[in-house]
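Scope of the values below: all heavy atoms of this structure, side chains included, with no hydrogens, waters or symmetry mates. Residue numbers start at 1 and run along the sequence shown.
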Amino acid sequence: MWLLNAMIIAIAMYSKIPMPRVDWNEKNMRYAMCFFPLVGVIIGVLEAVAGNLITVWKGEGTFFYAVVLTLVPIFITGGIHLDGFADTMDAKSSYGDREKKLEILKDPHTGAFAIISLCCYFLLCVGIFSEIRTERLFAAALVFVFSRSLSGISVVSFQAAKNSGLLRTFQDGAQKRNVRIVLIFWLFATVVGFYLTAGLCGVAAAVVGLAVFFYYYQFSRKQFGGITGDLAGYFLQLCELFMLAVLALF
């Protein structure tokens, strides 16, 4: 029962999918992060189904096709990771010290750099999805699982920048070693999926995702002293963007 509760917590926290209410107690939180990639599975399935349906109806690469595939992850997640991306871009563009950047991350107001970055992000997403061929849709669907596996690994492995916050709640409540093993299994399973669905291009996308992960580790340590929920969202969006670009353009 506690595993089911852990899954419910993960899906309820990282998506807008209606879930029954469960207690966020120590037992239920212990393995919640193991189910974070499951949200990516849901997004990926909907992306593949929507992409194939629109291809039959309108053809691949149309503007409508690209817009729908861009919006599907946002409808499922409610934009929770985009919020982190926007806040991080504001903090990063401030060129302030570490404390100032952490303060900006907590600020509920949206700055100019966040808006500009989001506009650029959406334009790039639409452009990338317009170039993704139907046969690459299954590999593209795996990107959402891969990025969440890496993000979950960072939560149970990287130092937190603050002693409070939602990320710290998941971090402190997790059975870190076991969760890390499960997430690595998710990671390897998606790499196999990349190879089977897109060959060497899929493997290249995974390598690019790992490179973004390394950048995220260095960037968060140097500029913030560790990771936060916002930084995890920033990484996830950046990772997906670069990986999808590889699948679209090569």
Side-chain angles (χ1 to χ4, degrees), residues 14-15 37 39-86 88-89 92 113-151 187 190-191 193-216 219 232-250:
Y14 294 110
S15 80
V39 178
V41 172
I42 296 168
I43 294 170
V45 169
L46 290 175
E47 288 273 70
V49 170
N52 278 283
L53 287 176
I54 295 170
T55 298
V56 172
W57 179 33
K58 290 284 188 180
E60 67 181 11
T62 64
F63 184 68
F64 181 68
Y65 170 95
V67 169
V68 170
L69 294 187
T70 297
L71 293 179
V72 165
I74 301 169
F75 287 150
I76 298 301
T77 65
I80 183 174
H81 308 299
L82 276 171
D83 177 66
F85 173 81
T88 302
M89 293 306 296
K92 180 182 177 183
F113 289 106
I115 295 171
I116 293 168
S117 299
L118 284 173
C119 289
C120 292
Y121 186 90
F122 284 126
L123 282 171
L124 283 169
C125 272
V126 170
I128 288 168
F129 275 120
S130 71
E131 296 293 330
I132 289 184
R133 301 188 301 275
T134 308
E135 60 265 27
R136 288 279 171 86
L137 272 178
F138 294 105
L142 291 171
V143 166
F144 301 97
V145 184
F146 190 86
S147 64
R148 282 161 178 77
S149 301
L150 285 176
S151 185
L187 204 65
T190 53
V191 171
F194 281 134
Y195 180 73
L196 293 176
T197 56
L200 291 179
C201 182
V203 175
V207 171
V208 168
L210 290 170
V212 176
F213 186 66
F214 179 73
Y215 157 77
Y216 163 50
F219 168 73
Y234 166 78
F235 157 72
L236 190 141
Q237 298 294 163
L238 211 62
C239 181
E240 291 174 357
L241 189 71
F242 277 84
M243 292 180 72
L244 288 169
V246 172
L247 292 174
L249 302 177
F250 297 97

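Counting heavy atoms from C-beta on, the side chains of Phe138 and Asn52 come closer than 4.5 Å. At least one side-chain heavy atom of Phe122 sits less than 4.5 Å from a side-chain heavy atom of Leu82. A 4.5 Å side-chain heavy-atom check between Phe144 and Ile42 finds every atom pair outside the cut-off. Taking the side chain as every heavy atom from C-beta outward, Thr88 and Phe219 approach each other to under 4.5 Å. With a 4.5 Å cut-off on side-chain heavy atoms, Val143 and Phe194 count as touching. Looking at heavy atoms from C-beta onward, Leu137 lies in side-chain contact with Leu69 at the 4.5 angstrom threshold. Two residues are said to be in side-chain contact when any heavy atoms from C-beta on lie closer than 4.5 Å; Leu150 and Leu210 meet this criterion.
Atoms CG and OG, on Leu142 and Ser147 in that order, are 10.5 Å from each other to the nearest 0.5 Å. Atom NE2 of residue His81 and atom CZ of residue Arg148 lie 4.5 Å apart, to the nearest 0.5 angstrom. One finds the SG atom of Cys125 at 7.5 Å from the CD atom of Gln237 (value rounded to the nearest 0.5 Å). The OG1 atom of Thr77 lies 5.5 Å from the CD1 atom of Ile43; values are rounded to the nearest 0.5 Å. With rounding to the nearest 0.5 Å, the separation of OH in Tyr65 from OG1 in Thr134 is 4.5 Å. Between atom SG of residue Cys119 and atom CG of residue Leu124 there is a gap of 11.5 Å, rounded to the nearest 0.5 Å.
Shown here is Tyr215, whose OH atom has more than 12 heavy atoms of other residues, nucleotides or ligands within 6.0 Å.
Minimum heavy-atom separation, Ala248 to Ile132: CB-CG1, 3.5 Å. The two residues Pro73 and Thr70 come nearest to each other via the heavy atoms CD-O, 3.4 Å. Nearest heavy atom pair, residue Val126 against residue Ala66, reads O-CB, 3.2 Å. Heavy atoms only, all atoms of each residue included: Met243 and Ala205 are closest at CG-O, 3.3 Å. Gly40 and Val145 get closest at one heavy-atom pair: C-CG2, 3.6 Å. Leu247 and Gly202 make their closest contact through CD2-CA, 4.1 Å (heavy atoms, listed as atom of the first residue, atom of the second, distance).
No donor-acceptor pair closer than 3.5 Å links the side chain of Tyr121 to the backbone N or O of Ala86.
With a 6.0 Å cutoff to the six-membered ring centre and a 45° limit on the axis angle, Lys92 does not count as a cation-pi contact of Tyr234.
For Phe213 and Phe235, the gap between ring centers is short of 6.0 Å.
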>> Does Phe129 form a side-chain contact (heavy atoms from CB on, under 4.5 Å) with Val68? I'd like the steps, not just the answer.
In response: CA-CA 9 Å; Phe129 275 120; Val68 170; over 6 Å; no

